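Here is the structure we will look at, set down as structure tokens.
Since the structure is predicted, the reported quantities are computational estimates derived from the model, not experimental observations.
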Amino acid sequence: MRLSRYFLPVLKETPAEAQIVSHRYMLRAGMIKQASAGIYSWLPLGFKVLRKIEDIIHEEQQRAGHIPMLMPTLQSADLWRESGRYDDYGEEMLRIRDRHDRDILYTPTAEELITDIFRAHVSSYRDLPLTMYQIQWKFRDEIRPRFGIMRGREFYMKDGYNFDLTKADAMHAYNRHLVSYLRTYERMGLQAIPMRADSGPIGGDDTHEFLVLAETGESEVFFDNAITELKIGDREIDYGDKAQCQAVLEEFTSRYARTDETHDEALFNEIPEERRRSARGIEVGQIFYFGTKYSEPMGATVQDADGNDVAVHMGSHGIGVSRLLGAIIEASHDGKGIIWPEGVTPFHAGIVNLRQGDAGTDAASERLEAALIERGLDPLYDDTEERPGAKFATMDLIGLPWRITVGPRDLAQGVVELASRRTGESERLSVDAAVDRVAQIYGA
RNA sequence: CGGGGCGUAGCGCAGUCUGGUAGCGCACCUGUUUUGGGAACAGGGGGUCGGGAGUUCGAAUCUCUCCGCCCCGACCA
């Protein structure tokens, strides 16, 4: 992409309303624009990152055997009256009336609708287990939206639902989600710690929240620091293997890690003092097992092997997709701007032409751009007439992890500069060598 | 919802107390000189002051009213 042809409205000044770093940088980097309180437009750069995050989630969900689908944002109130949540959910649910005076609502979550789909089409235990998910916009009419995308009213969420014959099967679905979520967050360059949590309005017994540690987090968390050593890495996971998934769950949840909702001071104090940590965290996902809470009132049953009708065991599992952008920025930035992890960066590398219009730097920059595209990479070439300082500042702000600087000084030596946004370190390489290095970094 | 605050050019703000017909910086347009960390000079365009009503010879400024937004608190992916 040529920057001169792109839409990247960066701001030099920080908008007054932005209090936290992710909100400030998302506005300054031209990623989002507020449409009204807690509701944002996703400008091209922000949209690109949102898609990257979404792609990773899709890959990891499908790797775990979960089936993608899509449900509507507007849903009939009748379904929610069946589960009792139309009244229970409170003011947070956005209620709308259509021209026929029918009550509809903007989905804050989708247990009712998926259960309705399930009961209409599944009647045998042989069709289980079944886990489906979607990535769809949600709306919760927060009393006070804040922190930009982190607590918006409209937000983009992955929500998955499992249907199983027994509690044991449903717990395997729970474990699969935990494992797949750990992998998902790691691929985004995040450490998200599963913590025992409170179930809130979704209801249920077993639930873990995934928290990214950050000073600006809204949750107070307490944990054994040993848990921060744990990594999924690139180990092979067989999602059909119940024992293996259970073992991962035990590995990642046996250490003390709780939010303030479930914090137990006595248990916490059993941790050796040097490993005890209290900090703040951003909630980026939650998994629930809630048994027959929805299947029973809504009649989602199957016939078991003995011919008995039994209510299915269910769970639901969410990842805040749009919130993840904020969480990633909170976890990865410096005083100059964002530092994207390679897994979610909007462009793989930036090309900075220090003297636009100079035949030599123009030709080298274009050669770099073409060669990177040839390798299947997506570079952002700053071909504007800005001065070098302004170009560097913009690149630093939007946070591409790798920058290739093409200037007359280095080019006279036959080299360009490849610099890491994260470390600031750079090396001088020929154009071809720089392309190889970037391709190697991305495994392209 | 309780408390606090704001709404003046795309962005950040001054002007409001003490009414006299709108200004600064950045951004934008044109030109010249520049170009390895947010260039300089010259020229130029753009707002009727969140909406409505009122007071007044005259309202960004005073009064009433409506709307929007932000911050602090209790709730939440």
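- Listed by chain and residue number, A:Tyr106 satisfy the ring pair (Phe, Tyr, Trp, His ring centres under 6.0 Å) test with A:Phe139 (two or more places apart in sequence, or in another chain).
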Completion exercise
Going 5' to 3' through nucleotides 30-41 of chain B and flagging B where a protein heavy-atom sits under 4.0 Å of the base, S where only the sugar-phosphate is that close, and - otherwise, we get ----BSBBBB--
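- Considering only residues two or more places apart in sequence or on other chains, A:Asp101 meets the salt bridge (charged side-chain N to carboxylate O under 4.0 Å, His left out) condition with none of them.
- Every residue two or more places apart in sequence or in another chain that forms a side-chain hydrogen bond (donor to acceptor under 3.5 Å, both in side chains) with A:Arg63 is listed here: A:Glu60.
- Comparing B:A74, B:A77, B:C26 by their nearest atom to the side chain of A:Met157 picks out B:A77.
- Using a 4.0 Å heavy-atom criterion, one finds that A:Gly424 contacts no nucleic acid atom at all.
- With sequence neighbours left out, the salt bridge (charged side-chain N to carboxylate O under 4.0 Å, His left out) criterion links A:Glu251 to A:Arg235.
- Looking at heavy-atom distances under 4.0 Å, A:Glu91 makes no contact with the nucleic acid at all.
- By the salt bridge (charged side-chain N to carboxylate O under 4.0 Å, His left out) test, A:Asp78 pairs with A:Arg81, sequence neighbours left out.
- One finds no side-chain N or O of A:Gln19 lying less than 4.0 angstrom from the OP1 or OP2 phosphate oxygen of B:C72.
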Solution key, residues 346-357 of chain A side-chain donor-acceptor pairs under 3.5 Å, sequence neighbours excluded:
from: A:His348; atom 1: ND1; to: A:Asp378; atom 2: N; distance (Å): 2.9
from: A:Asn353; atom 1: OD1; to: A:Arg355; atom 2: N; distance (Å): 3.1
from: A:Asn353; atom 1: OD1; to: A:Thr361; atom 2: OG1; distance (Å): 2.9
from: A:Asn353; atom 1: ND2; to: A:Gln356; atom 2: OE1; distance (Å): 3.2
from: A:Asn353; atom 1: ND2; to: A:Asp362; atom 2: OD1; distance (Å): 2.8
from: A:Asn353; atom 1: ND2; to: A:Tyr381; atom 2: OH; distance (Å): 3.1
from: A:Gln356; atom 1: NE2; to: A:Tyr381; atom 2: OH; distance (Å): 3.2

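- Taking the P atoms as reference points, B:G15 lies 42 Å from B:U34, given to the whole Å.
- Looking at A:Asp358, A:Leu411, A:Val415 one by one, the single match for side-chain contact (heavy atoms from CB on, under 4.5 Å) with A:Val406 turns out to be A:Leu411.
- A:Val284 comes within 4.0 angstrom of sugar-phosphate atoms only, judged by non-hydrogen atoms across all strands, and of no base.
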Completion exercise
Each nucleotide of nucleotides 2-9 of chain B classed B (base within 4.0 Å of a protein heavy atom), S (only sugar-phosphate) or -, in 5' to 3' order, makes --------
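- For A:Asn175, the side chain to side chain contact (heavy atoms under 4.5 Å, CB included) partners are A:Cys245, A:Gln246, A:Leu249, not counting sequence neighbours.
- Comparing the P positions of B:G47 and B:C69 gives an interatomic distance of 26 Å, to the nearest angstrom.
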